[in-house]
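A short write-up of the structure that comes next.
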Amino acid sequence: MSKVKVRFAPSPTGPLHIGGARSALFNYLEALNTGGELVLRIEDTDIERSDRKYEEEIIDSLRWMGIDWTEGVGAGGDNGPYRQTERLEIYNKYLEKLLDSDQAYECFCTAEELEAERQELLAKNEMVRYQGKCRYLSLEERQAKKDAGQKPAIRFKVPDNKVLVVNDLVRGQVTFESSNMGDFIIVKSDGIPTYNYAVVIDDVLMGITHVIRAEEHLSNTPGQLLIYDALNLKRPEFAHISLILGTDRQKMSKRHGATSIIQYREMGYLPEALFNYLALLGWSPEGEEEILSPSEIIERFSLKRVSKSPAVFDMDKLNWTNQQYIKKLSVEELTEMLRPYMDDSIYVNDLKGLSEYKLSLLIEVTREYLVCLKDISEHVAVFFTDIQYEDKALEVLQKPEVIEVLKLFVDNCPDFNEPEDVKKYLKDLMKANELKPKQVFMPIRCASSGQVHGPDLPVLLTIWGKEEVVRRINESIAKVS
RNA sequence: GGCCCCUUGGUCAAGCGGUUAAGACAUCGCCCUUUCACGGCGGUAUCAGGGGUUCGAGUCCCCUAGGGGUCACCA
């Protein structure tokens, strides 16, 4: 069996989104699992909407996620160029064959005519498809239109009564009939090929063995099959993977919130977490492990275990996955990754003012709350804001015996350099006054932070330092006295 | 509307004719603990409906229903 060669072929009309990333990922996984190759081709035939900046963005996003390719834009190769707009002569060569063999023809219909035809069919509740008006134009008629300055588009002549079977690796045999298809455009009037045509030529010329793409392309496939046949080209294998849906079960789109990879990157999701989560959307490994490294996923991946049914994108599970990866990081690694987010925080100066030791303490106790990196700012707030009294905390502070404890704490409070110092002092305090932990920890937490919940108390106090802690507690004493 | 695809808990899903129908997220409860979180333990919750085939059906076939995709000189 020959080597597997797959491709990811985005059109640079927007940033890489979740669905695209998942398609790229499955291609990548299939390639690496089989020892094959991944090609990156840019399908920029939509001149209006395509933009180089999106191409770069997509490439950045792919690399960030850890998806690599060995051929194509950004990697070179012998089958280039890899941008469709740079391959126009190639498409033309094949177009001539199609025209010469009478398998394609010029169409002079205008957008208005086409729209009228569509409306008419819609009104009659009939199948919307091109009726073939220009199919049998005589040479003279065509020439006359051209002389009049009309630029033709080229349509593919769909043969009658052909049964087209897509042997899909995930869906099995899917059958279509050519009678349900109208002659479709393969080259636009500006000379640029359409997707359905260019994709065939490119996949063949680039030696693609498996076309793995989203299910929305399944109904385009019979038309493409026709072109393979018309040109006598060998068909690749197809695998149409199901769509990713929003919680409303509609295809993921902008209105579902964050859909571009860049957004997840900015929020501070780790690439491995996204890689892991997306791989598990529509594919499941054997065994029960759910947290798998890229290499473990590559090793286990198989198209055979790809699901046919669409999957709803579940933010909760992504969050959980991300937390698992954050937990695996060392404090040093995490600190480095957190730097840009701390710089963006409104507490940037407070954070910068911390000693390295205190910063590591802070990150150590804060990490367990982090869902994604950008959350650092909100979880660090308690360290740097004035006391924000919650009702529950106030209730605690109202109790008369609590004031006594606070005073005791303040009166003999030593300097403390590390959490152990605080613990020791607290312990001594409890022992000397026969107090239980609960009678001490909660009052001090409430008095110093105004909150009934929060990070580990000894760490909290250590980061503030004695002066600040005493100041805060006195403030609370004054407030409730 | 035509064509095509899909249908196991709220979500991701395992399952490939015989199972007490896994597991994970979420949710609920308990434990751990100075609080929250983490962690540990446990609970609630699923085969869309109807016909077949079969000794036996989540698993095979058909129909219905629901959802989705696609019907562009977008990809």
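Every chain is numbered from 1 and lettered A, B, ... according to where its sequence line falls, protein lines coming before strand lines.
Ring centroids of A:Trp69 and A:Phe8 are separated by 6.0 Å or more, keeping the two rings apart. Annotation: A:Tyr195 is in aromatic contact with A:His217 [ring centroid separation under 6.0 Å]. Taking the six-membered ring wherever Trp is involved, the centroid distance between the rings of A:Phe383 and A:Tyr347 does not fall below 6.0 Å.
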Show your working on salt bridge (charged side-chain N to carboxylate O under 4.0 Å, His left out) between A:Lys424 and A:Glu420 and close with a plain yes or no. CA-CA 6 Å; A:Lys424 184 174 182 307; A:Glu420 279 309 310; over 6 Å; no
Determine, step by step, whether A:Glu55 and A:Arg83 satisfy the salt bridge (charged side-chain N to carboxylate O under 4.0 Å, His left out) criterion, reporting the C-alpha distance in whole Å, the side-chain angles of both residues, the deciding distance to 0.1 Å, and the verdict. CA-CA 10 Å; A:Glu55 178 186 310; A:Arg83 280 185 200 89; 2.8 Å; yes
Between A:Asp203 and A:Arg41, does a side-chain contact (heavy atoms from CB on, under 4.5 Å) hold up when you go through it step by step? CA-CA 10 Å; A:Asp203 284 339; A:Arg41 180 172 71 227; 2.9 Å; yes
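In this entry B:C41 has B:G29 as its Watson-Crick or G-U wobble partner, both defining distances falling under 3.5 Å. With both pairing distances under 3.5 Å, B:A57 is matched to nothing as a Watson-Crick or G-U wobble pair. B:U70 is paired with B:G2 under the Watson-Crick or G-U wobble criterion, all donor-acceptor distances under 3.5 Å.
In this structure, CG of A:Leu394 is placed 21 Å from P of B:U35, rounded to the nearest angstrom. Between the C1' atom of B:A24 and the CG atom of A:Leu281 lies a distance of 13 Å, rounded to the nearest Å. When rounded to the nearest whole Å, the span between CD1 of A:Ile376 and C1' of B:A37 equals 14 Å. Atom CG in A:Leu280 sits roughly 10 Å away from atom P in B:A14 (whole-Å rounding). Nucleotide B:U33 holds its C1' atom 9 Å from the NZ atom of A:Lys438, rounded to whole Å. If you measure from atom CZ of A:Phe238 to atom P of B:C4, you get 18 Å, rounded to the nearest angstrom. In this structure, CZ of A:Phe184 is placed 15 Å from C1' of B:C3, rounded to the nearest angstrom. Summarising the geometry, the separation between CD on A:Gln224 and C1' on B:C4 is reported as 15 Å, rounded to the nearest angstrom.
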Sugar-phosphate or base contact per nucleotide [nucleotides 69-75 of chain B; S, B, -; heavy atom under 4.0 Å]: SSSSBBB
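Within residues 170-183 of chain A, the residues that have a heavy atom under 4.0 Å from RNA chain B are, in order of number, A:Arg171, A:Val174, A:Thr175, A:Phe176, A:Asn180. The stretch residues 303-328 of chain A touches RNA chain B through A:Arg305, A:Lys308, A:Ser309, A:Pro310, A:Ala311, A:Val312, A:Asp314, A:Asp316, A:Lys317, A:Trp320, A:Lys327, each having a heavy atom within less than 4.0 Å of the strand.
Across the C1' atoms, B:G40 and B:C32 are found 8 Å apart, a figure rounded to whole Å. Atom name P, nucleotides B:U7 and B:A14: the rounded distance is 10 Å, in whole Å.
Side-chain atoms of A:Asn27 come within 3.5 Å of backbone atoms of A:Ile212 as a donor-acceptor pair (strictly under, hydrogens ignored).
Nearer the 5' end of RNA chain B, as judged by each residue's closest nucleotide, is the contact made by A:Glu290, out of A:Glu290 and A:Val452.
Side-chain N/O atoms of A:Thr221 and A:Gln224 include no donor and acceptor closer than 3.5 Å. Side chains of A:Asp202 and A:Tyr91: a donor on one and an acceptor on the other come within 3.5 Å. For the residue pair A:Thr85 / A:Asp44, a side-chain donor-acceptor distance below 3.5 Å is found, with atom types taken as modelled.
Atom CD of A:Glu286 has 12 or fewer heavy atoms from other residues, nucleotides or ligands within 6.0 Å.
Within the nucleic acid shown, A:Pro458 comes within 4.0 Å of at least one base atom, counting heavy atoms only.
The only member of A:Phe313, A:Trp320, A:Tyr269 that meets ring pair (Phe, Tyr, Trp, His ring centres under 6.0 Å) when paired with A:Tyr277 is A:Phe313.
Counting distance only, with no hydrogens placed and no angle test, the side-chain atoms of A:Glu289 and the base atoms of B:G23 include no donor-acceptor pair under 3.5 Å.
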